[in-house]
> 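Quick one: the structure is below, questions incoming.
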Amino acid sequence: MDALSLIKDTRDALAHSTEAPDVVTEAWQAQALAEAVGEHLVVTGPPEVRVQAGRLCEAGGRACGSLRAPGQRSDGARAARLTEIRDPLSALHCLGGLLDASGGALVRAAVEAEEEGLYWRCIEGIDAADECGDRVVAILRRFDRRRASLARDDPARGDPVRG
């Protein structure tokens, strides 16, 4: 399944989450997507973005661990269905928006949290969303530099996003 579809599904689920535990679950889903997108770009992305993509993958993985509820299985992640990223730039922009939305939703959930464990999971999730968002921005900058470099070297060259 394409990354954009999975990001949209997760964003919709996050928007419809009203209870704090549901928000945390959807934030976990967003972090799992960040990890999967990073991993996919490490393998299939242009060489210029692979280091930053690896950092996104690592940050998303750490975040999944901190957001996972006791007893929650990792095999329930939508990200497991990721098979392709047809438009890396659009996917990264949408992923950045999803991470921003999940951070905002986690702020609201933290305010409403009645148990301390849930509150701290929200706080850790906010930090994780911010870190992954920074990693997404770093990858987008690499794509921009690559595009500028390709345009300078050969203005007639094909799609600068594809490796």
Side-chain angles (χ1 to χ4, degrees), residues 1-42 45 49-145:
M1 182 173 233
D2 183 54
L4 282 171
S5 297
L6 292 168
I7 292 166
K8 181 191 177 305
D9 290 349
T10 303
R11 191 170 189 125
D12 290 347
L14 178 65
H16 290 97
S17 297
T18 56
E19 302 294 319
D22 297 332
V23 169
V24 172
T25 296
E26 292 310 323
W28 173 77
Q29 292 281 358
Q31 293 298 332
L33 272 171
E35 180 181 17
V37 166
E39 183 177 10
H40 193 81
L41 289 174
V42 165
V49 305
R50 290 182 181 166
V51 169
Q52 291 298 333
R55 292 179 180 153
L56 174 62
C57 180
E58 290 170 13
R62 280 193 311 275
C64 284
S66 66
L67 284 169
R68 187 172 295 130
Q72 182 180 8
R73 294 176 27 196
S74 62
D75 62 353
R78 284 183 203 100
R81 297 186 309 221
L82 178 70
T83 57
E84 65 182 325
I85 302 176
R86 285 186 217 136
D87 183 351
L89 292 177
S90 293
L92 288 165
H93 283 288
C94 290
L95 179 61
L98 173 61
L99 292 166
D100 285 345
S102 71
L106 285 166
V107 168
R108 291 186 296 280
V111 169
E112 297 170 4
E114 294 182 9
E115 68 178 66
E116 188 175 353
L118 180 60
Y119 170 82
W120 285 111
R121 283 183 33 230
C122 289
I123 297 302
E124 289 174 7
I126 294 164
D127 289 342
D130 187 47
E131 180 182 0
C132 285
D134 290 346
R135 302 292 181 204
V136 166
V137 168
I139 296 169
L140 286 168
R141 284 187 188 130
R142 295 286 177 157
F143 271 118
D144 285 344
R145 282 190 217 138

> Quickly, which of Leu82, Leu98, Thr83 forms a side chain to side chain contact (heavy atoms under 4.5 Å, CB included) with Leu6? Name it, please.
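Of the listed residues Leu82, Leu98, Thr83, the side chain to side chain contact (heavy atoms under 4.5 Å, CB included) partner of Leu6 is Leu82.
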
> Is His40 reaching over with its side chain to a backbone N or O of Ala36, donor-acceptor style, under 3.5 angstrom?
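Such a contact is absent between His40 side chain and Ala36 backbone.
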
> Is the closest side-chain heavy-atom distance between Leu56 and Leu95 below 4.5 Å?
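They are in contact (side-chain heavy atoms under 4.5 Å apart), so the answer is yes.
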
> Under the rule for salt bridge (Lys or Arg N to Asp or Glu O under 4.0 Å), what residues qualify as partners of Asp127, not counting sequence neighbours?
none

> Can you measure from CD (Gln52) to CZ (Phe143) and round to the nearest 0.5 angstrom?
11.5 Å

> CD of Glu131: more than 12 outside heavy atoms within 6.0 angstrom?
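For Glu131, atom CD is crowded (more than 12 foreign heavy atoms under 6.0 Å).
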
> Nearest 0.5 angstrom please: Asp130 CG to Asp134 CG, how far?
5.0 Å

> Any sub-3.5 Å donor-acceptor pair from Ser5's side-chain atoms to Met1's backbone N or O?
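Not at all, since once roles are kept as given, no pair shorter than 3.5 Å links the two residues.
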
> Whether the side chain of Arg142 engages the backbone of Ala138 through a donor-acceptor N/O pair (distance < 3.5 Å, no angle test) should be reported.
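Flag not set: sc Arg142 to bb Ala138 has no pair under 3.5 Å.
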
> Taking Arg11 for the side chain and Gly97 for the main chain, is one N or O donor matched with an acceptor at less than 3.5 Å?
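Such a contact is found between Arg11 side chain and Gly97 backbone.
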
> Any heavy-atom pair between the side chains of Leu92 and Ile85 that's under 4.5 Å?
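Sidechains of Leu92 and Ile85: no contact.
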
> Determine yes or no for a side-chain-to-main-chain donor-acceptor pair under 3.5 angstrom, with Gln29 supplying the side chain and Arg78 the backbone.
yes

> Within this structure, what is the CZ-SG distance for the pair Arg55 and Cys132, rounded to the nearest 0.5 Å?
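So the CZ of Arg55 and the SG of Cys132 are separated by 13.5 Å.
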
